[in-house]
Amino acid sequence: MSATLFARNLDEFCARCLAAGIALNISSHVVQRIGKNRFSVKWAASHRRQFRRVIDLDLAEYLDCIRCNDFSLLLSDGGLIQVSSVFDADEVAESRFYYIPCPIRFEKSELEIDDQIYPLEDFINELDTQEIRDRMCIRAPFRFELDPANESDGHPLNHVHIGSSSSRIPVALSMCWDAFSRFIFKNFYPEQFHVVESLIRHPATYRPQSLTEADEYELHMNFRVAP
């Protein structure tokens with residue numbers, strides 16, 4: 001699959017979610033040449049922002065992501081999905097799929113005013129301290145990465161961060177967008193899975209195994225690809 005086709009498929013997926021009401025907002029995805037036959041695919045943020053020097057995600061960083069449209073999808077419960085990949089010709093060379101659950105509980109109906117959606121970041125900012133405490137919901141974010149530039153002992157080629165950014169759980173093969181989106185919607189949004197099921201497939205057979213012999217003896221993640 002080419003970078004251009006991948007971006008087009010992502011935009012179609014996001015548009016379907018928005019039209020079905022399971023997303024509050026979406027971003028388009030842009031393709032940029034970053035070298036000979038190398039292209040990046042990433043969501044188009046509305047504003048540049050300075051990343052804060054924090055070890056792990058916090059509420060301020062979450063709100064900055066929303067303000068700057070720093071996401072592929074802003075789901076109806078406030079969850080964020082970020083999707084980015086680097087292609088070498090038509091092969092995925094790097095990838096990062098990030099799911100960030102919303103740290104504040106709310107109902108979508110609380111944002112609906114005169115057929116418009118009130119900005120979630122403004123809604124959260126207007127909550128007082130007690131309301132923040134009452135609505136706080138601690139759920140771990142996680143991201144799957146294919147990261148060949150940093151592969152080393154303790155940093156598997158394919159891995160998943162769960163909770164702390166220092167956690168790198170080995171994954172036996174590259175997590176593609178189809179596998180990631182199936183995982184997200186089947187496990188965290190099962191009632192909405194039927195909306196997007198036709199747009200995502202089971203992982204394709206071209207994904208090579210990347211688990212090292214040492215990591216085979218550690219707790220790791222694995223899955224089968226479609227024949």
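Computed from a predicted model, the values in this text were never measured in an experiment. Computed over heavy atoms, backbone and side chain alike; hydrogens, waters and symmetry mates excluded.
Checking side-chain atoms of Ser167 against main-chain N and O of Ile162 turns up a donor-acceptor pair under 3.5 Å.
Leu211 and Met175 sit in two unconnected hydrophobic clusters of ILVMFWY residues. Membership requires side-chain heavy atoms under 4.5 Å apart, directly or through other members. Cluster annotation: Val30 and Ile81 are assigned to distinct hydrophobic clusters (Ile/Leu/Val/Met/Phe/Trp/Tyr, side-chain heavy-atom contacts under 4.5 Å, transitive).
Other residues, nucleotides and ligands place more than 12 heavy atoms under 6.0 Å from the CD1 atom of Ile113. Around atom CG of Asp153, no more than 12 heavy atoms belonging to other residues, nucleotides or ligands sit under 6.0 Å away. Atom CD of Gln32 has 12 or fewer heavy atoms from other residues, nucleotides or ligands within 6.0 Å.
Pro103 and Leu59 get closest at one heavy-atom pair: CG-CD1, 3.6 Å. For Phe71 against Gln82, the heavy-atom pair with the smallest separation is CA-CG, 4.0 Å. Closest of all the heavy-atom pairs between Cys14 and Ser72 is SG-O, 3.6 Å. Between Ser181 and Ile200 the shortest heavy-atom distance is OG-CG2, 3.0 Å. When all heavy atoms of Asn69 and Ser27 are compared, the pair lying nearest together is O-OG, 3.4 Å. What you find for Ala20 and Val195 is that their closest heavy atoms are CB-CG1, 3.5 Å.
Put simply, CG on Asp90 and CZ on Phe39 are 9.0 Å apart, with the number rounded to the nearest 0.5 Å. For the atom pair NZ of Lys108 and CD1 of Ile117, the computed distance is 5.5 Å after rounding to the nearest 0.5 Å. Taking CG from Leu80 and CD1 from Ile66, the interatomic distance works out to 5.5 Å, rounded to the nearest 0.5 Å. Between the NE2 atom in His161 and the OG atom in Ser166 there is a gap of 9.0 Å [rounded to 0.5 Å].
Evaluation of the salt bridge (Lys or Arg N to Asp or Glu O under 4.0 Å) rule for Arg168 yields no partner, not counting sequence neighbours. Remark: Gln192 pairs with no residue by the side chain to side chain donor-acceptor pair (under 3.5 Å) rule, at least two apart or across chains. Residues satisfying the ring pair (Phe, Tyr, Trp, His ring centres under 6.0 Å) test with Phe97, not counting sequence neighbours, are Phe180. The side chain to side chain donor-acceptor pair (under 3.5 Å) check on Asn25 picks up nothing, with sequence neighbours excluded. The side chain to side chain donor-acceptor pair (under 3.5 Å) search around Tyr189 returns Asp77, Tyr99, not counting sequence neighbours. In terms of the side chain to side chain donor-acceptor pair (under 3.5 Å) criterion, Ser84 has no residue partners (sequence neighbours excluded). With sequence neighbours excluded, no residue forms a ring pair (Phe, Tyr, Trp, His ring centres under 6.0 Å) with His220.
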How far apart are the C-alpha atoms of Glu94 and Arg38, what are their side-chain angles, what is the distance that settles it, and do they pass the salt bridge (Lys or Arg N to Asp or Glu O under 4.0 Å) test? CA-CA 11 Å; Glu94 303 173 27; Arg38 286 179 72 86; 3.2 Å; yes
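Ring geometry, Phe87 versus Phe6: the interplanar angle falls from 30° to 60°, so the pair is classed tilted.
Screening residues 116-125 for side-chain hydrogen bond (donor to acceptor under 3.5 Å, both in side chains) gives Tyr118-Glu126 as the qualifying pairs, with residues at least two apart or on separate chains. Listed by first then second residue, pairs satisfying salt bridge (charged side-chain N to carboxylate O under 4.0 Å, His left out) with a partner in residues 3-30 number zero, not counting sequence neighbours. Applying the ring-ring contact (aromatic ring centres under 6.0 Å, His included) definition to pairs two or more places apart or across chains, those involving residues 7-33 are Phe13-Trp177, Phe13-Phe185.
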Donor-acceptor pairs are to be reported for all side-chain atoms of residues 132-142 against protein atoms at under 3.5 Å, with residues two or more places apart or in another chain.
from	atom 1	to	atom 2	distance (Å)
Asp134	OD1	Gln130	NE2	2.9
Arg135	NH1	Arg105	O	3.0
Arg135	NH1	Glu110	OE2	3.3
Arg135	NH2	Glu110	OE1	2.8
Arg139	NH2	Cys102	O	2.8

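Side-chain heavy-atom separations under 4.5 angstrom define the hydrophobic clusters, and Trp43 shares its cluster with no other residue.
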